[in-house]
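Working notes, structure below.
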Amino acid sequence: MAPMMTKKALLRTVSVASMVALGEGFIPPSSMVSTVPPSLLLRQAALPKMTLSSTALDDSLFVEKQQDSMQKENAEKENTEERIDWTKYWYPVMPLQNLDDDQDMETKATPITILDKKLVIWRSSSGGDSSNHQYSVLADTCPHRRAPLSNGKIIRQHADDDSDSTTTTATLACRYHGWQFDKDGACKSIPMMQKQPAQTLSKAFCVQSYPTQQQDGLLWVYMDPTETNPPPKPAAALQPKNSKQAPQSFSLTVFPVSFQSMIENSFDPSHAPFTHERLDPNKKSFMSYSSQNAIPMERYELTPNTTVSRDGFTLQHSPYHMSTSSATATVTATATSTTTRQFIAPYTNVAKLPWFNTTLHFVPSRPGETLVFSGGMMAGGSSIFPKYISRFIPKRIKTMVQEFMHFYFANFAEGVYRFYNQDVQIMQGQDERKQQQPQLSRKASWKDMYPTTSDAGVQIFQTWMERFGGRPAYTMPSLATRRRSSPYLLSAWDRHAKYCPQCKRTIRRLSNLSKVSRKVSRWTLSTSMVGSMVQLLLLSFAKSGRSNAVGIRSIPFTVFLFMVSVAFKLVSFKCNKLLETVFVSPHQVPEYQLMDIYAR
């Protein structure tokens, strides 16, 4: 009877048997052969030879990995079919009132960046009425030497060589070597070329053009230039309900913040009482926020019978801030106090309140920068002059005053200054921290917390972004964040004024006023000095009391001229300081000179 095998010998036998079964041609050591039954060794010789690169365990793991990989690929393929193509949408590039009302558009082009693509907007056809203006959008790159076409000039000529015609056609000339392009991007002239066959120029040297459309007070561009027949742009989400309701008027503001942080901020209204807190919580103003008046949201949810789809979603929420004008200490979520926020993919947020409706287009520009087109619709019109006074004021004076008020409110009003910079610093801090937490994989990325009802809006948008916007979180460069070492605040010029004709006209007026005030100050000062010298001469060489009396009487007039000189010098100084504030970025000014945006 064969001796009983020890546990150790049995394990060796199983290991050898596994090798034999796999046909690896394994020759065990003599110490192991002694414990292997002869029948098993004979069976090894009868097995065919097989060459495998791994053990059975490795093979099984390899198969499992392959299956997991195939499942991931299939899931990713399904998600890819749901994802949107960011270039297959119409994007606003500029308010039409900014383009039609800007006299510079007759001779100059305007650069803009959409989806990290540098574009140039220029008036390709103009007429006596602004409704006849046509605009072209081209790639902001000359094919010759890659110079920016936005630095070029517009060359106009009357249609059909009729000098009496009000309609003109134009070409955009590159400032580097004078190459000229028409509205479709075809090259029409190369000044340094002797022979210029039109067909050869239009085919060989062209600039990429983009489809455009004018609608809802905005100029739109379709970001897929290869699309010969782009789909029509959907109608505006907000339409006037009656004749008394004014249509939306859009303004453009540039935010040095990532696209996703900007939209998340718009779906997070509960941040306002804390980020935009003021010292006086009882001050009755629509911008008067206070953490003392913040109230938890009772509900923030999808509207009934709706879901999150590829085209967007619609939310409703109850109040988050107790009205300072309310006599009661609580706010109930009634139908009149419910706010509706509609997200229209991929960049529009429409907020509908009982007394005010607004549309916000958050257009991805470049990494860490978003263009915000804000439009409001209110009942009735507004004017800074009462009706009984407005009729007596000349139209030109009213226009100048209204444009100055717009300029001041859009760039220097305390509420706007605080709102803009407070939001920007918070969101830039978010972007910086998202950069420090890289996207590890498709399953692991930075995650926010949603413990409160007020977080539902951000949570739903992030869900839409991950499912339809693309994953990893930023599939396009323009959607990415931008790492900055410190808060980066744009100047008033780069933020808004350079795109706004009202602001640009006001800046010109302030510049002219500064120059005129400086000249008047110098003239009056010189006159007062001459008058003082004449007085001294009269008083010194006066031989009669009459001359002495004349010198004494002229003293008040000299003092008056001196005071006028000082007053005009002060006006010139104030205008220069205001203009300096427009063009100097806040982050370029020493920190001790900046107003603390959180100071009370």
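One is the number of the first residue; the rest follow in order along the sequence. Owing to the predicted nature of the structure, the values given are computational and were not obtained by experimental measurement. For the numbers below, each heavy atom of this structure counts, side chains included, while hydrogens, waters and symmetry mates do not.
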Do you see a donor-acceptor pair shorter than 3.5 Å between the side chains of [X] and [Y]?
X	Y	value
Y135	D100	yes
H317	R299	no
S454	T452	yes
E432	Q428	no
H276	Q422	yes

Nearest heavy-atom pair of [X] and [Y]: which atoms, and what distance?
X	Y	value
P501	Q97	CG-O, 4.0 Å
M465	F259	CE-CE2, 4.2 Å
S517	V571	OG-CG1, 3.4 Å
L360	S374	CD2-CB, 3.4 Å
S258	D431	OG-OD1, 2.7 Å
C500	N98	CA-ND2, 4.0 Å

Exercise. Please report the C-alpha distance between K574 and L578 in whole Å, then the side-chain angles of each, then the deciding distance to 0.1 Å, and finally whether the side chain to side chain contact (heavy atoms under 4.5 Å, CB included) criterion is met.
Key: CA-CA 6 Å; K574 289 294 184 181; L578 195 60; over 6 Å; no

Quiz prompt | Set of side chain to side chain contact (heavy atoms under 4.5 Å, CB included) partners for S150, sequence neighbours left out | solution = P111, V120, D140, P148

Quick check: does any side chain N or O of [X] sit under 3.5 Å from a backbone N or O of [Y], one acting as donor and the other as acceptor?
X	Y	value
T306	T303	yes
E369	V254	no
S511	I507	no
R123	L99	yes
R341	T314	no
T370	V257	yes

Any residue meeting salt bridge (Lys or Arg N to Asp or Glu O under 4.0 Å) with [X], in chain and number order, not counting sequence neighbours:
X	value
D268	none
R508	D104
R505	D101, E403
K577	E580

Do [X] and [Y] make a side-chain contact, defined as non-hydrogen atoms from C-beta onward lying under 4.5 Å apart?
X	Y	value
Y300	S318	no
V350	T348	yes
L252	P95	yes
T87	Y222	no
C503	F407	yes
L513	R509	no
L315	T340	no
W86	M223	no

Test of understanding: with ring pair (Phe, Tyr, Trp, His ring centres under 6.0 Å), list the residues that count as partners of [X], not counting sequence neighbours.
X	answer
F267	F313
F568	none
Y347	Y91, H361

Quiz item: Is any side-chain N of the basic residue among D116 and R366 closer than 4.0 Å to the acidic one's carboxylate O?
Solution: no

Quiz item: Is the number of heavy atoms from other residues, nucleotides or ligands within 6.0 Å of NZ (K515) greater than 12?
Solution: no

Quiz item: Just wondering, are more than 12 heavy atoms of other shown residues or ligands nearer than 6.0 Å to NZ in K108?
Solution: no

With sequence neighbours left out, write down each residue that passes side-chain hydrogen bond (donor to acceptor under 3.5 Å, both in side chains) with [X], or none if nothing qualifies.
X	result
S521	S565
S572	S514
E301	none
Q316	none

With rounding to the nearest 0.5 Å, note down the distance linking [atom1] in [X] to [atom2] in [Y].
X	Y	atom1	atom2	value
M405	T506	CE	OG1	11.0 Å
F468	R310	CZ	CZ	8.0 Å
F461	N265	CZ	CG	11.5 Å
F409	F404	CZ	CZ	14.0 Å
M105	H133	CE	NE2	10.0 Å
N421	I426	CG	CD1	12.0 Å

Exercise. Show the numbers, then the answer: is there a side chain to side chain contact (heavy atoms under 4.5 Å, CB included) between I460 and L302?
Key: CA-CA 9 Å; I460 292 174; L302 292 168; 4.1 Å; yes

Exercise. Check the pair F255 / Y420 against side chain to side chain contact (heavy atoms under 4.5 Å, CB included), numbers first and verdict last.
Key: CA-CA 8 Å; F255 279 77; Y420 177 87; 3.5 Å; yes

Practice problem: May I have the step-by-step check of side chain to side chain contact (heavy atoms under 4.5 Å, CB included) for F373 and L371, ending in yes or no? | Solution: CA-CA 7 Å; F373 295 84; L371 309 180; 4.0 Å; yes

Quiz item: Taking the six-membered ring for Trp, is the centroid-to-centroid distance between W493 and Y499 below 6.0 Å?
Solution: no

Practice problem: Could you please spell out the steps behind the side-chain hydrogen bond (donor to acceptor under 3.5 Å, both in side chains) verdict for E298 and Y320? | Solution: CA-CA 9 Å; E298 295 181 4; Y320 57 91; over 6 Å; no

Self-check item: Aromatic W220 / basic K233 pairing, under 6.0 angstrom, 45° off normal
Solution: yes

